[in-house]
2 protein chains.
Amino acid sequence: MSITLADIAEKAGVSVAAVSKALSDQSDIAPATRRRIKQLAGEMGYVMNVAARTLTMKKTMAIGVVLPLAHIPAVTDRLRGIQAEAMERRYLTSVAFHNGGIDEERKQIEMLYGRVDGFVITPANQSLELAKLLKRLDLPVVCMSEPLVKMETDFSGDDDEEGGRLAAAHLLERGRERIAYLGYAEGTPSDQAILKGMREVFAGKGLSLDKSWIRWGNASQAETRANMDALLAMTPRPDAIMAFSDVTALWVLEHLERRKVAVPGEVAVAGYDDTIFAELGRMPLTSVAQPNFEIGRQAARLLLERLEDESGAAAAPCRRVVFKPRLAVRMSSG
Amino acid sequence: MSITLADIAEKAGVSVAAVSKALSDQSDIAPATRRRIKQLAGEMGYVMNVAARTLTMKKTMAIGVVLPLAHIPAVTDRLRGIQAEAMERRYLTSVAFHNGGIDEERKQIEMLYGRVDGFVITPANQSLELAKLLKRLDLPVVCMSEPLVKMETDFSGDDDEEGGRLAAAHLLERGRERIAYLGYAEGTPSDQAILKGMREVFAGKGLSLDKSWIRWGNASQAETRANMDALLAMTPRPDAIMAFSDVTALWVLEHLERRKVAVPGEVAVAGYDDTIFAELGRMPLTSVAQPNFEIGRQAARLLLERLEDESGAAAAPCRRVVFKPRLAVRMSSG
DNA sequence: TTGAAAGCGCTAACAG
DNA sequence: CTGTTAGCGCTTTCAA
C-alpha cells in the first residue's frame, strides 16, 4: 500500500490536517513543523493520491487533448507545444487521437471527461452533435487550428486566409493562373479560409478559381490519386496544385512523377504545414509554414489561463490568437 | 454541479447503494428496479465521477503511454494500435511524449502516476534510474519496440535481429559489401540487435562489418549530415547505408543528392519502419517493415491482461511477443 | 499554530 | 432484494 497523509501524521506525531497544510505550503503552520513534516514525507516516499485530491478539490490538474490525423507531423509539433506549456504549469496533458470520424471523436472526449479540467481540440467534425456534447460537459474548450463553427470557444491557430493569399500570390507571380485545390472536406473552416484567401488574390487580378478544380477528400493516398487523375484529364489542365497538407502534396509529387508530368515545368505544387518532410519528398516542396509548436503552446495557455482564473472564468469573453503564416518557397513551384 | 448517485437515489426513492448496484449491473438487485434506475440515470444525464470511483476501487481504468520521437510515423501507428485495444476494453489511453532525455522521460512517468494502472513505454534511456523509478512505482510495465535491459518486463516488438538479417542479406545480394550503419545510440538494444543480425549474415559470407562505418546519433538532420560527410570522406567509401529509421534514411537520400552521389548506383540506401514516407522521399526507399499497429495493439493487450488478471498478477512470468519484420524492396537499393 | 470533524462520490460488506 | 454503515485519502472550516 502507498503512504498516506495519515501515515506521515502518525509518525510525526501531528494531525492529518497539519500534514496537509505543511505539504501544500499553507501559511498557518509553524515553519519548523512544516520543515519537519516535509522532510519526513520525503524520506517516507510520499506521493499524493491524485484521486483523493481530485475528489475534494474538484480539479484534476490535467488537460485533455483530442486530435485527428496523428500521422501528420504538424499535429505532433503542436502537441509538443501544448505539453511544454502544460508541464510548466504542472498540468498533465492527456492525449487521445481519433480517426476523424464523429463517433471516435465523441467517444474520446467522453472518456476523458472527469479526468481533465478542460479540452484542447482540433475538431474534425463540424457536427451539431459535437458542439452539444461539449456544451453539456461544460468544461472550457480551446480549438486549435480549426474553429468549431457551431460553438464559440477560445482559439489558437494560424491565419489560413493569409496562407491562401501567400500561396496564390506566389503561384500567380510564377505565371500560374489555373490553380487546383486539394482540400480535406468542404465543411472544414480552414479549407474554406484558404480558398477565400486564394480567391481574394485571384479577384485582385481579375481572375477566378474554377469550381471544378476544387477536390475534396485527400486524407488517403488513393483519394488523392483519383483526384489528380481527374484533374489531369481536364482541358485545360490546371498548371498548379495547392494541397491542404504537406502529406497530400507529397502524394501529388509522387503521382505526377508516375504520370510523367514535369514539376514544376507543367504543374507547380505547393503544400501546407512545412513539416520536416517538405524538404524530403520527390523534390523540395513549397509550403505554407505555420509556427506549430507556438500554436500548441498558445492553445494550452488559453486553456490554462481560463482554468486558473478564479474570478469569472465562465464569463470571460472568448479569445482568438492568430499566427501569421509565411511561405517557404522551394523547387516544386519553380 | 454534476448529478450524483445520491440525486438519482432520492428521485427514485431508493438508497444510494441500490443505484450503485443497478448501474454497475450487479446481480443482487431486482431487474425491474435496475431498469427503472438506469432509465432515470439516463434521463438525468448521470455521468460517473471518475475520481470517486478511482478512490474506492483503487483502479483508474486508464493506461499510461510514454514515448519519445513523436514525429516518427511508426510511433503514432503503434499508438493507434494501443488505443484501439484499450478502447475496446473501456480503458482510457493517456499519452505523454518526451524528447528522449531521461529527465523528461522520468517526469512524464511521474506525472502519470496515480492516474493510470500501468504503463506502455518505449524506453529511450537505458539508465538504472528509469528502472528504479518504475520498480518503485510498482505498476505493471510493458516495453514496446525497445526492451529495458535493467528490468524484466512484458515486451511487444519486432525481431530486430531478423530485420538486420533481411537488410544485410538483401544488400549483399545486390553486391554491396561495405555497409555503413546509422544508428540512434550505441546503448540502444534495438540498434544492437539490428547490428547483430547484419553481422551474422556477413559472417556467413566470411565478411565483417567495419566498426568505423557505424555512426551514432541520427535523431536530427544535422547529425546525419555530419555522419554522412564523414562516411563519404573515407576510402574505400561504403557502398550501402542502413539507417535505423525511415526519417534518417530520407535525410540520407536528400544529402546524397546534394553531394551528387548516385543512388543506388554508387550507394544503396535502406531504412527501417516502412512508414508512409518511405514511398515519398527523393526516391522510393527500401525499408524493413514492421506491423506497427499490431505491435501497439499487442503491447496494450499484454498490459491489460495483466491488469485484469485477478489472481497472481504480479506473479505471472513476463511475456515477450515478437513480430517478424519483412523487407519492402524499392528503388533506393536498386 | 494546531487538531477534530465533516464531506467529496463511490463501493462493499453486512444486516434486515 | 434493499438499505445502513463504514471507509477510500484528501482539504477545509471551525474550535481550541
Side-chain angles (χ1 to χ4, degrees), chain A residues 1-38 40-41 44-62 90 92 113-117 137-139 310, chain B residues 1-38 40-41 44-62 90 92 113-117 137-139 310:
Chain A
M1 216 56 273
S2 246
I3 308 292
T4 69
L5 290 192
D7 298 331
I8 302 176
E10 191 185 9
K11 205 149 198 163
V14 294
S15 73
V16 175
V19 179
S20 171
K21 285 171 187 165
L23 293 183
S24 51
D25 280 322
Q26 306 233 21
S27 54
D28 57 345
I29 183 97
T33 332
R34 166 183 310 142
R35 232 186 339 271
R36 190 163 54 89
I37 292 177
K38 279 195 163 178
L40 197 55
M44 297 174 72
Y46 171 73
V47 185
M48 155 106 67
N49 180 315
V50 181
R53 193 201 22 167
T54 302
L55 185 58
T56 28
M57 305 286 278
K58 297 179 181 323
K59 228 172 152 318
T60 63
M61 297 299 286
R90 325 221 58 218
L92 172 73
Y113 183 73
R115 306 180 188 257
V116 298
D117 297 326
L137 299 185
D138 194 34
L139 291 179
E310 297 302 319
Chain B
M1 215 55 274
S2 244
I3 307 291
T4 69
L5 290 193
D7 298 330
I8 302 177
E10 191 185 10
K11 205 149 196 165
V14 295
S15 73
V16 174
V19 179
S20 171
K21 286 171 187 166
L23 293 183
S24 51
D25 280 321
Q26 307 234 22
S27 53
D28 57 346
I29 185 98
T33 331
R34 166 185 309 142
R35 233 186 336 271
R36 191 162 54 89
I37 291 176
K38 279 195 163 178
L40 197 56
M44 296 173 71
Y46 171 73
V47 186
M48 155 108 66
N49 180 316
V50 181
R53 198 211 16 193
T54 301
L55 185 58
T56 30
M57 306 285 279
K58 299 184 180 320
K59 227 172 154 316
T60 63
M61 296 299 288
R90 327 221 56 220
L92 172 73
Y113 182 73
R115 307 180 187 258
V116 298
D117 297 327
L137 299 185
D138 194 33
L139 291 179
E310 297 303 318

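Every chain is numbered from 1 and lettered A, B, ... according to where its sequence line falls, protein lines coming before strand lines.
- Remark: side-chain polar atoms of A:R36 are paired, donor with acceptor, to backbone N or O of A:A12 under 3.5 angstrom.
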For this session: For nucleotides 8-16 of chain C, just jot down a letter per nucleotide in 5' to 3' order: B, S or -, based on protein non-hydrogen atoms under 4.0 Å.
Result: BBBBB----
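- Atom OG of residue A:S24 and atom CE of residue A:M57 lie 8.0 Å apart, to the nearest 0.5 angstrom.
- If one axis is set at each end of the helix from C:dT1-D:dA16 to C:dG16-D:dC1 from five pairs, those axes are 40° apart, to 10°.
- Note that the first and last nucleotides of DNA chain D, 5' to 3', having any atom under 4.0 angstrom from a heavy atom of chain B are D:dC1 to D:dG9.
- No donor-acceptor pair closer than 3.5 Å links the side chain of B:R115 to the backbone N or O of B:T60.
- Contact between A:L55 and B:A52 at its shortest, heavy atoms only, is CD1-CB, 3.8 Å.
- Here the side chains of A:Y46 and A:L5 are in contact, with some heavy-atom distance below 4.5 Å.
- The closest side-chain heavy-atom distance from A:T54 to A:K59 is not below 4.5 Å.
- Contact annotation: the side chain of B:Q26 never approaches that of B:R34 to less than 4.5 Å [non-hydrogen atoms, C-beta and beyond].
- Looking only at side-chain heavy atoms (C-beta outward), B:V47 and B:I3 stay at 4.5 Å or farther from each other.
- Between A:D28 and A:K21 the shortest side-chain heavy-atom distance falls below 4.5 Å.
- Ionic pairing of B:D25 and B:K38 is present here: one or more N-O contacts between side-chain nitrogen and carboxylate oxygen are shorter than 4.0 angstrom.
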